[in-house]
Amino acid sequence: MEETIVIKGGNRLEGEIHLQGSKNSSLPVLAATVLVDGVSVIHNCPDLTDVTAAVKILEHLGCKVTREGDTLTVDSRFVTGNSIPDSLMREMRSSIVFLGSVLGRTGQARLSSPGGCEIGLRPIDLHISSLKAMGVVIDESRGYVSCTKDKVRRDTVISLSFPSVGATENIILAGALGRGRTVILNAAREPEIRDLADFLNSCGCRVELTNQGTVIIDAVEKAHGTRHRIIPDRIVALTYLSAVAVSGGDVLITNTDTDDYRTVLPFFQRAGCEIADSKKQIRIKMNRRPRALDDIRTMPYPGFPTDAQAALMAVACFAKGTSVIVENIFEGRFKHVGELVRMGAKIKLEGRVALIDGVETLYGTRVECPDLRAGAALVVAGLAARGVTTVCSLKHIDRGYENIEACLKRVGADIERVQNAESKMQN
Ligand code: EPZ
């Protein structure tokens, strides 16, 4: 039976949201537990379908995983496998991050090639070329990537042509155990990379991040068990800030770390939001129609995060004036535009550029989530739309948002998750 989220728009949002842990940190950290000859206790790990998919892969590899609330305990003393079948890889595209850790622990890895996804082709050429530079023998054929780590490690310097998050993570994971030094130039600087390094260093590994986007990994013999707390989810925080920006209100977000998205806050302030940023908490007040968002250009960290582009576009749809959004990271990341236009938004696309002429009102209707962040943007738009919005294909949203409807309901949204919604479109 299909679940849908049904929103009756127009409520102001008031109250407190306790932010979930980061999906994009949980996944590489869970992959990194494969390197650990011991038990890893991971706190603040969100309950998401992507995390469930990662746990299935860990169990397939021989790890024992238990969950108690937001704490996952991973016993990876007996890693028996080094291959991940298509069925498990297809559940979550970013499973490619297991390549480095399976290889690092067992010396071999055989993964089904991750396909593209809704937002783009998602090639892994930087992952492959980097691992080859580290001396890994790789065969890519018949939809599988098979890797063997050579015995004698030599020191390696890898200069990434693009600061790929996943490639940076895979290089770190593949170089953490064994012998030799791996240096990554032009590495990704996202907070999730820092969190992965913190986890590995707490296991006795040696991963150093410099301010110039260089990562230095000195391989160690063994990684021991540890306790680690996943950083808060910066993209979910920006999604909830967008919800207040369109609905109006006064919301406090706790369990956050505004250092991870401080460069984005000026966009909310220029739109007319009042922001009180005290690092671990952030309070947003909004009592007017948003002003237009001047030129958002998505960039690698610390630039504007591509994952927040859809939510801020939802804000732009209601704004007074014309907003410009340029999506520089993924070629398929405007899938929310079609659905927003169906709600009455005025958006023109020219390649990677979106021109949004803000309107006073969007109108509720039935909308389909095309992908994770687009789905969240449709929820944001539904909160301020006139009438009822029914959001379908929730499997995308559930990959990255823990109880999005419960969080928003708690601050006053008229929102519920229903089974097989009878359309409430009469008004
Ligand atoms: C991570 O994806 C995140 N996913 C994405 O979040 C996020 O949008 C992205 O980083 C950018 O910040 C996870 O952490 C699980 P990339 P990743 O490698 O690692 C090109 C979400 O919504 N590229 O930095 O796949 C690629 O095509 C998700 O939570 C190559 O060309 O991102 C893209 O244009 C979506 N070759 C750009 O780099 C490669 O080998 C950024 O990709 C690798 C990447």
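FYI, side chains are in, hydrogens and waters are out, and symmetry mates aren't considered; it's all heavy atoms of this structure. Read the numbers this way: they start at 1 and go in the same order the structure lists the ligands and their atoms. Quick caveat: nothing in here was measured; it's all calculated off a predicted structure.
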Of the side chain and backbone of [X], name the one, both, or neither that has a heavy atom under 4.0 Å from an atom of ligand 1.
X    : value
D307 : side chain
R373 : side chain
I119 : side chain
M299 : neither

Residue, atom name and distance, where the atom is the protein heavy atom closest to [atom]:
atom                    : answer
atom 40 (O) of ligand 1 : L126 N, 2.7 Å
atom 36 (N) of ligand 1 : D125 OD1, 2.7 Å
atom 3 (C) of ligand 1  : N24 ND2, 3.7 Å
atom 11 (C) of ligand 1 : T306 CG2, 4.0 Å
atom 27 (O) of ligand 1 : P123 CD, 3.3 Å
atom 24 (O) of ligand 1 : V165 N, 2.8 Å
atom 37 (C) of ligand 1 : F162 CE2, 3.6 Å
atom 32 (O) of ligand 1 : F330 CZ, 4.0 Å

Review point. Is there a protein heavy atom at a distance of less than 4.0 Å from atom 15 (C) of ligand 1?
Key: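 Yes, there is one.
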Considering distance alone, does some N or O of [X] sit under 3.5 Å from an N or O of ligand 1?
X    : value
L27  : no
E331 : no
E169 : no

**Study point:** Listed once per pair and sorted, the salt bridge (Lys or Arg N to Asp or Glu O under 4.0 Å) pairs that draw on residues 399-411, sequence neighbours left out
**Key:**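 Sorted result for residues 399-411: D50-R399, E405-R417.
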Check your understanding: Is the number of heavy atoms from other residues, nucleotides or ligands within 6.0 Å of CZ (R227) greater than 12?
Key ->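 No, CZ of R227 has 12 or fewer neighbouring heavy atoms, counting only those of other groups under 6.0 Å.
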Exercise for review: Can you establish whether the number of heavy atoms outside K279 located under 6.0 Å from its atom NZ is more than 12?
Suggested key: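 Yes, enclosed.
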For [X] and [Y], indicate whether the former's side chain and the latter's backbone hold a donor-acceptor pair under 3.5 Å.
X    : Y    : answer
D195 : I231 : yes
K335 : E118 : yes
Q20  : I404 : no
R373 : T239 : no

Within ligand 1, which atoms have a heavy atom of [X] less than 4.0 Å away?
X    : result
S94  : 15 (C)
G166 : 18 (O), 19 (O)
K23  : 21 (C), 29 (O)
R122 : 2 (O), 17 (P), 25 (O)

Check your understanding: Do the side-chain N and O atoms of H228 and S202 include a donor-acceptor pair separated by under 3.5 angstrom?
Key ->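 Looking only at side-chain atoms, S202 and H228 do not form any donor-acceptor pair under 3.5 Å.
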Check your understanding: Are Q309 and T298 close enough that a side-chain donor and a side-chain acceptor fall under 3.5 Å?
Key ->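 No pair is found: no donor N or O on one side chain lies under 3.5 Å from an acceptor on the other.
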Any salt bridge linking [X] with [Y]? Criterion: basic side-chain nitrogen under 4.0 Å from a carboxylate oxygen.
X    : Y    : answer
E59  : K56  : no
R194 : D260 : yes
D257 : R234 : no

Does [X] have a non-hydrogen atom less than 4.0 Å from ligand 1?
X    : value
D50  : no
Q309 : no
E192 : no

Check your understanding: Within 45° of the six-membered ring axis of Y144 and under 6.0 Å from that ring's centre, is NZ or CZ of R142 located there?
Key ->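 Not flagged: R142 not positioned over aromatic ring of Y144.
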Check your understanding: Just how far is it from atom CD1 of I217 to atom OG1 of T182, taken to the nearest 0.5 Å?
Key ->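 That separation rounds to 5.0 Å.
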